[in-house]
Amino acid sequence: MLDDRGLNRALLARQHLLTRTSDALPDVVAHLVGLQAQNPWSPFLGLWSRVEGFTTAALDAALLDRTVLRIACQRSTVHLVTARDAPVLAALALPVMARELRANARRRASADATDLERLREVAAAYVRAEPRVTTDLGAHLARSWPDAHPQDLSAFARALLPLVQVTPRGLWRRSAPTTWTTLDAWVPDAVAAAGDLADDAVRGRALEAVVLRYLAAYGPASVADVQAWSGLTGLRPVVDALRDRLVVVPAAPVRPGGRVRELLDLPDAPRPDPDVPAPVRLLPDFDDLWLSHAQRTRVIDDAHRTRLQTPNGRMPAAVLVDGRVRATWEVARTVTGARGARRTTATLTVQPLEPLTRTARRDVLAEAERAVRLVADDADAWAVRLTD
């Protein structure tokens, strides 16, 4: 039976957070089934924490040659995924994306007054012709639906179409407005290779394959965990159909007196000794490590999770100590000197969520020293600080 510590070490091993991997970046992105990336810098740090010798230039190159791209999929959020995975993940996310059509009262009214199938066709033709920024997309659609809010119309296009956020958006140190085109315009060969994902049988096989890949990267897990990660509902029949390819892993109750949980896993997936040491790792905001389970106590205490939640759903950048979220971090910049001789100092501050041992504090500072030089590689000087 695995307790939370055992589940933690299994998760860290599969996430390359016990030991950094030397695998190629696209292979790591594929193994993780994407990295959440609505903040463009997030996957850079997420991969730095997982990949030996990672450089921002290497991820830039993969984005520029379209080996990887940024598109909304799991949980209706933008993820960095491989071009090969993008058609499948985007197609499977359509029910999740459909919620965007009626996210609030104004959108519900706009959706009810809009021919959504025609909007899909008009939007697709417009962004296929050339990539368009969000405001231009909304304004173009408003010509056909003047009574609807342009922001709602562009949101409907993103919900109805697999739209890629094209470069230079998403590149390191490159500021650019969010600009969209269709997936088939950006990576036509990948879309063609994915097959007819509108066919129920093809979609069913694709969904089964993604569930197995989720377990490879995030297991052992429950049906509720898979649904929390994907944003989809009604996955129990899908998981039940895979049971002859899975094993049941008993997990200790989350709370004393609770029932033993039955989690599912791949037979040969790593489940390390719970006492394997876990190094300090700095993770970006919204890292999938601590967003991809319904029950998250394997990586964060409920009290800490509740404390870190905000009304708008924003999640801070986290520090793993002994494999668990035990601190948060942020970088601030200060500029000194006169014009022409100004120097920028980047300071990474770690805020513990609980008292840390002397050894843990030393290890956190050492990893923070390395991280700040990545996150603020354009600064002139760097510092780290650990608050009490």
So does A379 get a backbone contact from the side chain of T344, meaning a donor-acceptor N/O pair under 3.5 Å? no

Note: L353 and H304 closest approach over all heavy atoms is O-CE1, 3.4 Å

Grab the two heavy atoms, one from A83 and one from V187, that are nearest each other, plus how far apart they are. CB-CG1, 3.9 Å

Close side-chain approach of F54 and L25, heavy atoms under 4.5 Å: yes

Given D4, which of R298, R261, R296, R324 fulfils the salt bridge (Lys or Arg N to Asp or Glu O under 4.0 Å) condition? R261

Within 45° of the six-membered ring axis of W145 and under 6.0 Å from that ring's centre, is NZ or CZ of R118 located there? yes

Contact check, side chains of N39 and P284, non-hydrogen atoms, under 4.5 Å: no

Atom pair CG/CZ of L161 and R128 - distance to nearest 0.5 Å: 7.0 Å

Any donor-acceptor pair under 3.5 Å from R14 side chain to L215 backbone: yes

What heavy-atom pair brings A90 and C73 nearest, and what distance separates the two atoms? N-CB, 4.3 Å

Find out whether L282 and L348 are in side-chain contact, i.e. whether some heavy atom of one side chain is under 4.5 Å from a heavy atom of the other. yes

Using a strict 4.0 Å threshold on nitrogen-to-oxygen distance, state whether D112 and R102 make a salt bridge. yes

Would a 4.5 Å heavy-atom cut-off, applied to side chains only, mark Q36 and D287 as touching? no

Whether over 12 other heavy atoms sit under 6.0 Å from D268 CG: no

So if you build clusters from Ile, Leu, Val, Met, Phe, Trp, Tyr with side-chain heavy-atom gaps below 4.5 Å, do V210 and L291 land together? yes

For the OG1 atom of T297 and the CZ atom of R305, what is their distance to the nearest 0.5 Å? 9.0 Å

Trace of the salt bridge (charged side-chain N to carboxylate O under 4.0 Å, His left out) decision for R75 with D288: CA-CA 11 Å; R75 303 185 298 280; D288 285 89; 2.8 Å; yes

Just wondering, are more than 12 heavy atoms of other shown residues or ligands nearer than 6.0 Å to CD in E262? no

State, yes or no, whether a side-chain contact exists between Q15 and R281 at a heavy-atom distance under 4.5 Å. no

Report the C-alpha distance between S42 and D285 in whole Å, list the side-chain angles of each, state the deciding distance to 0.1 Å, and finish with yes or no for side-chain hydrogen bond (donor to acceptor under 3.5 Å, both in side chains). CA-CA 7 Å; S42 298; D285 55 354; 2.6 Å; yes

Taking all heavy atoms of P277 and all of L18, pick out the closest pair and write down the distance. O-CD2, 3.7 Å

How are the rings of W229 and Y214 set relative to one another: parallel (under 30°), tilted (30 to 60°) or perpendicular (over 60°)? tilted

Same cluster (ILVMFWY, side-chain, under 4.5 Å), V321 and L386: yes

Answer yes or no: does atom CZ of R245 have more than 12 heavy-atom neighbours from other residues, nucleotides or ligands under 6.0 Å? no

Joint cluster assignment, V375 & L59, ILVMFWY side-chain distance < 4.5 Å: yes

Donor-acceptor pair, R385 side chain versus T349 backbone, under 3.5 Å? no

Between the CZ atom in R307 and the CG atom in D302, the distance rounded to the nearest 0.5 Å is 14.5 Å

Is there a chain of hydrophobic side chains (I, L, V, M, F, W, Y, each step under 4.5 Å between heavy atoms) that links V299 to V276? yes

Measuring only between side-chain heavy atoms, which start at C-beta, is L283 closer than 4.5 Å to L45? no

For the residue pair Y218 and H293, categorise the inter-ring angle as parallel (less than 30°), tilted (30 to 60°) or perpendicular (more than 60°). perpendicular

Salt bridge (charged side-chain N to carboxylate O under 4.0 Å, His left out), that's the test. Do R9 and D275 meet it? Break it down for me. CA-CA 8 Å; R9 293 311 192 255; D275 292 327; over 6 Å; no

Do R243 and V248 have side-chain heavy atoms sitting under 4.5 Å apart? yes

I need the T179 OG1 to L163 CG distance, nearest 0.5 Å. 11.5 Å

Derivation of the side-chain contact (heavy atoms from CB on, under 4.5 Å) call for V238 and L232: CA-CA 11 Å; V238 177; L232 295 168; over 6 Å; no

Which residue is it: L119, D152, D136? I am looking for the one with a side chain to side chain contact (heavy atoms under 4.5 Å, CB included) to L141. L119

Give, for atom CZ of R106 and atom CG of N104, the distance between the pair rounded to the nearest 0.5 Å. 6.0 Å

Criterion side-chain contact (heavy atoms from CB on, under 4.5 Å) on R5 and D322, from CA distance to verdict: CA-CA 10 Å; R5 187 175 177 87; D322 192 28; 3.0 Å; yes

Quick one, L183 and L69 - any side-chain contact, counting heavy atoms below 4.5 Å? yes

Do you know which of Q38, Q165, H79 makes side chain to side chain donor-acceptor pair (under 3.5 Å) with R70? Q165

Would M97 end up clustered with L89 when hydrophobic side chains under 4.5 Å apart are linked, directly or stepwise? no

R84 atom CZ, over 12 foreign heavy atoms within 6.0 Å: no

Taking CD in E354 as the centre, count heavy atoms belonging to other residues, nucleotides or ligands within less than 6.0 Å. Is the count above 12? yes

Between L235 and L207 the two heavy atoms that sit nearest each other are CD2-CD2, 3.9 Å

Row check, W186 ring normal vs R66 NZ/CZ: under 6.0 Å, within 45°: yes

Walk me through it: do S22 and E52 pass the test side-chain hydrogen bond (donor to acceptor under 3.5 Å, both in side chains)? CA-CA 5 Å; S22 58; E52 190 68 40; over 6 Å; no

Steps toward salt bridge (charged side-chain N to carboxylate O under 4.0 Å, His left out) verdict (R333, D378): CA-CA 11 Å; R333 296 167 183 260; D378 58 339; 3.0 Å; yes

Residues L263, D265; criterion side-chain contact (heavy atoms from CB on, under 4.5 Å); working and verdict: CA-CA 7 Å; L263 305 181; D265 204 4; over 6 Å; no

Decide salt bridge (charged side-chain N to carboxylate O under 4.0 Å, His left out) for D377 and R173; before the verdict, give the C-alpha distance in whole Å, the side-chain angles of both, and the deciding distance to 0.1 Å. CA-CA 9 Å; D377 59 359; R173 299 283 170 234; 2.9 Å; yes

Using side chain to side chain contact (heavy atoms under 4.5 Å, CB included) as the criterion, point out the one residue from V280, N8, V325 that pairs with L320. V325

Tell me whether D23 is salt-bridged to R50, with the criterion being a basic N under 4.0 Å from an acidic carboxylate O. no

What is the distance from atom CG of L212 to atom CG of L242, rounded to the nearest 0.5 Å? 5.0 Å

What is the minimum heavy-atom distance between W48 and R20, and which atoms define it? O-NE, 2.9 Å

